[in-house]
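Single-structure report; data block below.
Sequential numbering from 1 along the given sequence is applied to the chain's residues. This structure is a prediction, so every number in the text was calculated from the model and none was measured.
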Amino acid sequence: MSFRKKLLLLFVATILLCVAVISASVYSTLRRSFEQANRDRANAVAAQFRSEFQRTRAEVVRKVESVAASETVQHIALDVNRVPNNSGQYVGEASTLSSQQQLDFLELVDYRGTILSSAQWQAKFGYPEAAIPQATNPQMANLPSAPPALPAGAFLKREELPDGPTLGLFAIRAARVGEQPLYVIGGERLDQGFLSTLDIPAGTRVLLYQNLDTKWNPKTLLDLNGPAAGADKIAPLAARVRDTLQESQEVIPWTSDPADAEVFHAIPLTGPNLSAINQDAANQDPASQQLMGVLLVGSSRRPLIELQRQVVSTALLVGGAGIVVAVLASLWFGARVTRPVVSLVEAARRVAAGDLGAKVEVESGDELGELAASFNRMTEDLVQQKDRTLQAERVAAWRELARRLAHELKNPLFPLQVTVENLMRAKQKSPEIFEEVFHEGTATLLAEINNLKTIIGRFSEFSRMPQPQRQPTQVNEVVLSVLRVFQAQVQENQIVVHTALADALPAISADPDLLHRALQNLVLNAIDAMPHGGELTIRTAALGDRIELSVADTGAGLTQEECGRLFTPYYTTKQHGTGLGLAIVQSVVSDHGGKISVESTKEKGSTFRIELPCDFSAHSASLR
């Protein structure tokens with residue numbers, strides 16, 4: 001992957017990560033804020049409901065006490081004590097009294113729990129009232145001197161009406177005139193009319209579920225206009241509150257759109273369990289409560305959902321804009337950074353190819369500019385170093401050539417000098433044997449002169465290395481032709497030859513004669529390194545666009561120092577070598593655009609590797 005792509009991905013990932021983190025943080029903060037606001041609104045409505053509930057309770061108690069203290073009730077109480085069985089004349093009194101005090105419910109009940117008059121349902125005359133224990137407990141009916149304990153304040157109670165049960169807030173007071181009390185039970189409805197007295201915030205609605213039946217009844221779920229719609233979806237929340245008598249909360253989805261959902265806070269409304277009290281009047285438990293209703297405060301999630309959608313849309317918009325900015329920034333920054341880097345890479349490649357005059361333009365004064373300037377200084381230093389190195393190599397080469405030439409010429413010159421001196425002495429001192437000495441001396445002179453000619457010929461041959469005459473060449477055929485030349489010699493020296501020639505090796509553009517000569521020198525060196533026999537292994541292999549040729553022996557091997565100087569002209573490890581064989585091999589390989597290397601371990605053998613390119617067109621052009 002290129003640097004520009006990496007830079008682009010880095011910019012895009014950074015921007016997207018920042019947008020995602022910020023959006024998630026805002027999203028989460030909005031959610032918590034709205035949830036807290038919903039709780040605050042629900043608590044405010046609940047507090048308002050409790051305040052209104054307490055006010056209504058006090059008002060109901062006051063009104064019932066006023067009724068119990070009225071002259072009409074006092075008169076009825078005296079009459080009931082005097083004539084217990086003459087109570088039918090009071091059937092209509094409750095309606096009159098309830099109208100005076102503006103009570104929705106009012107009943108007059110004697111000490112036995114029998115209803116004398118009912119404002120809400122006159123047909124209840126003569127029936128027992130469940131709120132008075134004697135009405136349902138026959139054992140207490142004979143205990144008039146022990147009146148039951150009555151609730152001190154108002155309480156919630158289910159009330160039967162001709163059109164069905166309803167929920168009301170009731171209070172009980174006794175008019176004690178005479179031996180037996182007369183009970184006044186009055187109350188007001190707890191329905192949508194009560195809800196209309198609440199100041200409900202915008203985005204919030206209040207529902208009241210009247211728990212009048214043992215099973216869920218959707219008709220008893222009321223809002224400000226009467227029975228509420230969608231009651232079945234609220235049923236699980238109301239059932240959970242009825243089972244636990246604890247406040248609960250739930251999100252109610254009305255449609256597939258999350259914005260239409262509401263968060264409902266359910267608050268239980270409890271009242272005394274009259275049936276439990278009546279069953280054990282002697283051991284009344286004030287904590288014995290039952291669920292009479294559920295106050296449901298619903299808050300719309302539309303503002304939250306719409307704001308969250310806006311956050312998501314903004315995040316997507318910012319993310320998209322960020323990506324565009326990242327692309328432009330990465331292109332600008334990448335061009336600013338990669339252009340000089342690309343120029344630097346191209347110049348480095350040219351230097352590696354041998355063009356030490358390559359320069360990089362310095363376009364800025366920052367680190368990249370300093371890098372380009374340093375590169376230019378490096379190439380200048382390389383040119384100077386190359387010139388110095390070439391000069392030193394030329395001097396060293398001439399010195400080595402002079403030394404080697406002097407050494408090679410010194411050996412035949414000494415016999416020549418001795419022979420000439422012998423001839424001169426024989427001519428002066430023994431003319432009679434001069435003829436014999438002359439023939440022997442001239443033979444020696446001719447032999448040494450031939451040695452001089454041979455030495456001069458070798459040096460001349462190395463100096464006149466011909467340029468390769470290229471043609472399609474099969475390396476495997478060159479290997480086989482060289483092995484045929486040395487077949488008798490390897491058998492004589494008891495050398496085992498192993499060949500591992502790659503199949504379908506491609507032909508290369510090379511001079512087969514020069515390759516034959518180079519390989520012949522390597523094989524000859526390997527044979528000389530194994531005078532007592534050994535193994536000679538020749539391998540060929542295709543390595544991509546190059547061909548590798550290796551020659552390995554199991555001879556005496558070389559040291560690391562010897563390996564480093566092995567290809568230096570006139571350097572030899574042999575007693576009678578000229579030091580030109582491996583230099584010739586290196587020259588041939590270099591002329592073909594290849595390279596040669598050696599690996600050797602003392603007493604374990606040596607391996608020479610030659611790598612030759614399959615295509616020499618570019619190299620040949622550079623040489624020209």
Side-chain angles (χ1 to χ4, degrees), residues 404 458 461-462 465 473-503 505 508 510-543 546-613:
R404 295 294 300 178
R458 289 177 180 174
E461 180 182 8
F462 177 70
M465 284 295 297
T473 302
Q474 286 287 347
V475 176
N476 289 345
E477 294 179 359
V478 175
V479 172
L480 295 176
S481 65
V482 170
L483 291 178
R484 283 195 292 269
V485 172
F486 292 99
Q487 183 175 3
Q489 191 172 351
V490 296
Q491 291 178 354
E492 181 181 351
N493 291 356
Q494 298 181 349
I495 296 175
V496 179
V497 179
H498 302 286
T499 57
L501 306 181
D503 296 333
L505 201 65
I508 65 173
D511 187 328
D513 294 333
L514 290 180
L515 288 184
H516 186 281
R517 182 177 179 183
L519 183 58
Q520 183 175 333
N521 284 342
L522 292 178
V523 173
L524 183 59
N525 281 347
I527 293 174
D528 291 341
M530 298 182 291
H532 305 295
E535 295 183 359
L536 173 65
T537 303
I538 301 179
R539 290 186 174 88
T540 59
L543 303 177
R546 306 180 73 83
I547 289 178
E548 182 183 83
L549 170 63
S550 64
V551 178
D553 63 68
T554 58
L558 303 169
T559 63
Q560 293 298 320
E561 181 181 0
E562 291 173 339
C563 289
R565 302 179 58 191
L566 199 58
F567 298 104
T568 303
Y570 315 116
Y571 174 79
T572 180
T573 59
K574 302 177 184 178
Q575 185 176 0
H576 303 289
T578 62
L580 296 176
L582 291 178
I584 292 173
V585 174
Q586 186 183 43
S587 177
V588 170
V589 173
S590 178
D591 289 342
H592 283 80
K595 61 181 181 179
I596 184 172
S597 60
V598 60
E599 298 175 2
S600 182
T601 303
K602 201 65 176 175
E603 306 300 335
K604 291 186 178 180
S606 304
T607 300
F608 290 85
R609 287 189 174 86
I610 296 175
E611 290 187 12
L612 298 172

Test your reading of the model: is there a side-chain donor-acceptor pair from Asp553 to the backbone of Ser606, 3.5 Å cut-off? yes
Please name all residues satisfying side chain to side chain donor-acceptor pair (under 3.5 Å) with Glu548, sequence neighbours left out, ordered by chain then number. none
Output side-chain donor-acceptor pairs under 3.5 Å for residues 474-482, partner residues at least two apart or in another chain, one line each.
residue: Asn476; atom: OD1; partner: Thr540; partner atom: OG1; Å: 2.9
residue: Asn476; atom: ND2; partner: Ala502; partner atom: O; Å: 3.0
residue: Ser481; atom: OG; partner: Glu477; partner atom: O; Å: 3.4
residue: Ser481; atom: OG; partner: Val478; partner atom: O; Å: 2.7

How would you list, by chain and number, every residue that makes a side chain to side chain donor-acceptor pair (under 3.5 Å) with Thr537, sequence neighbours excluded? none
Within the supplied structure, the quantity of interest is the number of heavy atoms (other residues, nucleotides, ligands) at a distance under 6.0 Å from Arg539 CZ; does it exceed 12? no
Of all heavy-atom pairs between Thr473 and Pro512, which one has the smallest distance, and what is that distance? OG1-CD, 3.7 Å
Between Val588 and Arg517, is any pair of side-chain heavy atoms under 4.5 Å apart? no
Under 3.5 Å donor-acceptor, Ser550 side chain and Phe608 backbone: no
Non-neighbouring partners of Glu535 that pass salt bridge (Lys or Arg N to Asp or Glu O under 4.0 Å), sequence neighbours left out: none
Approximate separation, where rounding is to 0.5 Å, of Thr499 OG1 and Leu483 CG: 7.0 Å
Let me confirm one number: the CG-CE distance from Asn525 to Met530, rounded to the nearest 0.5 Å. 11.0 Å
Rounded at 0.5 Å granularity, tell me how far NE2 in His592 sits from CG in Leu515. 4.5 Å
Spatial distance of atom CD1 (Ile610) from atom CG (Leu519) [nearest 0.5 Å]: 7.0 Å
CD1 of Ile495 to NE2 of His532, rounded to nearest 0.5 Å, is 11.5 Å
My understanding is that only residues two or more places apart in sequence, or in another chain, count here; which of them pass side-chain contact (heavy atoms from CB on, under 4.5 Å) with Thr559? Glu561, Glu562, Lys602
Please list all pairs meeting side chain to side chain donor-acceptor pair (under 3.5 Å) that have one or both residues in residues 482-498, counting only residues at least two apart or in different chains. none
Sorted by chain and number, sequence neighbours left out, side-chain contact (heavy atoms from CB on, under 4.5 Å) with Asp513 holds for Asp511
Minimal non-hydrogen separation, Gly594 against Arg546, with atom names: CA-NH2, 4.0 Å
What pairs with Ser597 under side-chain contact (heavy atoms from CB on, under 4.5 Å), at least two apart in sequence or on another chain? Arg609
Just how far is it from atom CD of Gln586 to atom CG of Asp591, taken to the nearest 0.5 Å? 10.5 Å
